[in-house]
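Notes for the one structure printed next.
Naming: A, B, ... by sequence-line order, numbering from 1 per chain.
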Protein chains: 2
Amino acid sequence: MKENESKLENRHIKPTAMRELVLKVLSDQSAAISLADLEQKFEKADKVTLYRTLKTFEENKLIHSIDDGTGSVKYALCKETCQCHPEDLHVHFLCTKCKQTYCLTDIPVPSVNLPTRFTLETINMVVKGICVNCI
Amino acid sequence: MKENESKLENRHIKPTAMRELVLKVLSDQSAAISLADLEQKFEKADKVTLYRTLKTFEENKLIHSIDDGTGSVKYALCKETCQCHPEDLHVHFLCTKCKQTYCLTDIPVPSVNLPTRFTLETINMVVKGICVNCI
DNA sequence: AAAGTTTATGCAACCGAGTTGCAAAGTTGT
DNA sequence: ACAACTTTGCAACTCGGTTGCATAAACTTT
Ligand SMILES: [Mn+2]
Ligand SMILES: [Mn+2]
Ligand SMILES: [Zn+2]
Ligand SMILES: [Zn+2]
């Protein structure tokens, strides 16, 4: 998995063994995963190390975090070009049946007309419903 | 405050002293408040009682809860006619400076075109930025 | 009005997600 | 080989939210 190694380097993250393993898990995942989910993907791994790995990934914009209202933050890979700016934002979908959280990367967050003299920094938009696998 | 009493009765909530006090606090508030905020509005009140009061209010749609991503859920009064259905949903605004959370009741949540065979139940849309009081 | 039943309140204790401190292990540069 | 820095692992903690249970208050029935 030389590819993941260079993904890390592209984001200026030192490619340790742990980090490559975590990145592999994230790459194999079609839905976003929580810290607890991630922990369960390993036989024996320290939660704090995984936590800090995710933090490092997020700080360097390799992944973004999603607060879907379930009480546990989810994480998903950013696109190669993503800088996590407002224009990179997309809608997230939480399936109330399977509890999976998906990045709807094709659906940009719609713009809103805020009241006068409210300035926008970022938007979190989470749609809840039933996903295609749960119909 | 006979008005609050009837607001409670309209929502089929038995108007106890505690509940009327809590409703008064919520009515006086222009922004949404958390359980902790509510607790601080009283000299001496049990957090659990307040917690259960909010739960009761929410179940009966007197108030709605807002997960603004700060880690503590906020609560705000519903409109008299609100049934908390998708058509009643509005955008919420979290000021990153004063940390106040506002109901933008005039701004309905924009509709999104979900991928095929995803069905919508509800949407949470939180805009972050600087509010009019913090410019 | 007294007894019985339901509902609301208060205290303690718990829970889970996230976070911090610190020491050990590993890495990098000289 | 040594020093300097980074990463990892363990323990312990924080904080918001929640449950269990006993008491108190409010209605119901006799
Ligand atoms: Mn996403
Ligand atoms: Mn609102
Ligand atoms: Zn699903
Ligand atoms: Zn503000």
Side-chain angles (χ1 to χ4, degrees), chain A residues 4-5 8-9 11-26 32-60 62-76 94 99 101 124 126, chain B residues 4-5 7-9 11-26 32-60 62-76 94 99-101 124 126:
Chain A
N4 278 341
E5 200 175 316
L8 289 169
E9 281 164 352
R11 295 292 189 171
H12 309 107
I13 301 164
K14 216 186 289 181
T16 68
M18 191 75 247
R19 288 170 178 172
E20 292 195 41
L21 287 171
V22 170
L23 178 52
K24 172 124 184 46
V25 169
L26 285 161
I33 66 173
S34 68
L35 173 57
D37 295 336
L38 183 61
E39 207 181 350
Q40 287 171 354
K41 298 276 177 184
F42 294 92
E43 269 303 301
K44 175 200 159 293
D46 184 46
K47 191 180 64 159
V48 179
T49 303
L50 297 174
Y51 166 74
R52 288 196 265 234
T53 302
L54 291 173
K55 283 281 169 194
T56 302
F57 284 7
E58 189 181 13
E59 276 161 23
N60 292 283
L62 178 61
I63 63 176
H64 60 280
S65 63
I66 305 144
D67 185 343
D68 59 11
T70 55
S72 47
V73 177
K74 307 285 169 58
Y75 299 88
L94 169 64
K99 314 293 180 199
T101 299
N124 180 35
V126 178
Chain B
N4 278 341
E5 200 175 316
K7 267 191 188 176
L8 289 169
E9 279 164 352
R11 295 292 189 169
H12 309 108
I13 301 163
K14 217 186 289 180
T16 68
M18 191 75 246
R19 287 169 179 174
E20 294 196 40
L21 287 171
V22 171
L23 178 52
K24 171 126 183 43
V25 171
L26 286 161
I33 66 173
S34 67
L35 173 57
D37 294 337
L38 183 61
E39 206 180 352
Q40 287 172 351
K41 298 275 176 183
F42 294 91
E43 267 305 299
K44 176 199 158 292
D46 185 46
K47 190 180 66 160
V48 177
T49 303
L50 297 174
Y51 167 75
R52 289 197 264 235
T53 302
L54 291 173
K55 283 279 167 193
T56 302
F57 284 8
E58 190 181 12
E59 275 161 24
N60 293 283
L62 178 61
I63 64 177
H64 61 279
S65 62
I66 305 145
D67 185 344
D68 59 12
T70 55
S72 48
V73 177
K74 308 285 169 59
Y75 299 88
L94 170 63
K99 315 293 181 199
Q100 298 270 46
T101 299
N124 180 35
V126 178

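- Between the CG atom of L26(B) and the CZ atom of F57(B) there is a distance of 7.0 Å, given to the nearest 0.5 Å.
- Between V48(B) and M18(B), it is M18(B) whose nearest contact on DNA chain C lies nearer the 5' terminus.
- In this structure, R19(B) atom CZ and dT9(C) atom C1' are separated by 10 Å, rounded to whole Å.
- Counting atom types as modelled, K47(A) pairs no side-chain N or O with a base atom of dG9(D) as donor and acceptor under 3.5 Å.
- Between the side chain of N60(A) and the main chain of L62(A), no donor-acceptor pair closer than 3.5 Å is present.
- Taking only side-chain nitrogens and oxygens, Y51(B) never comes nearer than 4.0 Å to OP1 or OP2 of dG17(D).
- Counting non-hydrogen atoms under 4.0 angstrom, K55(A) reaches the backbone sugars and phosphates but no base.
- Residue order along DNA chain C, read from the 5' end via each residue's closest nucleotide, puts A17(B) first among L35(A) and A17(B).
- The CD1 atom of I13(B) lies 11.5 Å from the NZ atom of K7(B); values are rounded to the nearest 0.5 Å.
- If you measure from atom CG of L21(A) to atom C1' of dT8(D), you get 13 Å, rounded to the nearest angstrom.
- If you measure from atom CZ of R52(A) to atom P of dC10(D), you get 12 Å, rounded to the nearest angstrom.
- A donor-acceptor contact shorter than 3.5 Å is absent between the side chain of N124(A) and the backbone of G69(B).
- As a whole-Å value, the separation of L50(A) CG from dA17(C) P is 14 Å.
- Going from atom CG of L38(A) over to atom C1' of dT8(D) covers 15 Å, rounded to whole Å.
- Rounding to whole angstrom units, CD of residue E59(B) and P of dT18(D) are separated by 11 Å.
- In this structure, T16(B) reaches the sugar-phosphate backbone alone: every heavy-atom distance under 4.0 Å involves primed, P, OP1 or OP2 atoms, never a base.
- Checking dG10(C), dG18(C), dT20(C) against the side-chain heavy atoms of S72(A) singles out dG18(C) as nearest.
- The 5' end of DNA chain D is approached more closely, in terms of each residue's nearest nucleotide, by A36(B) than by the other of K14(B) and A36(B).
- Considering only the side chain of T53(A), dT8(D) comes nearest among dC11(C), dT8(D), dG17(D).
- Counting heavy atoms from C-beta on, the side chains of T56(A) and R19(A) come closer than 4.5 Å.
- Atom-to-atom, CG of D46(A) to P of dT8(D) comes out at 10 Å; the value is rounded to the nearest Å.
- Between L54(B) atom CG and dG16(D) atom P the separation is 15 Å, expressed in whole Å.
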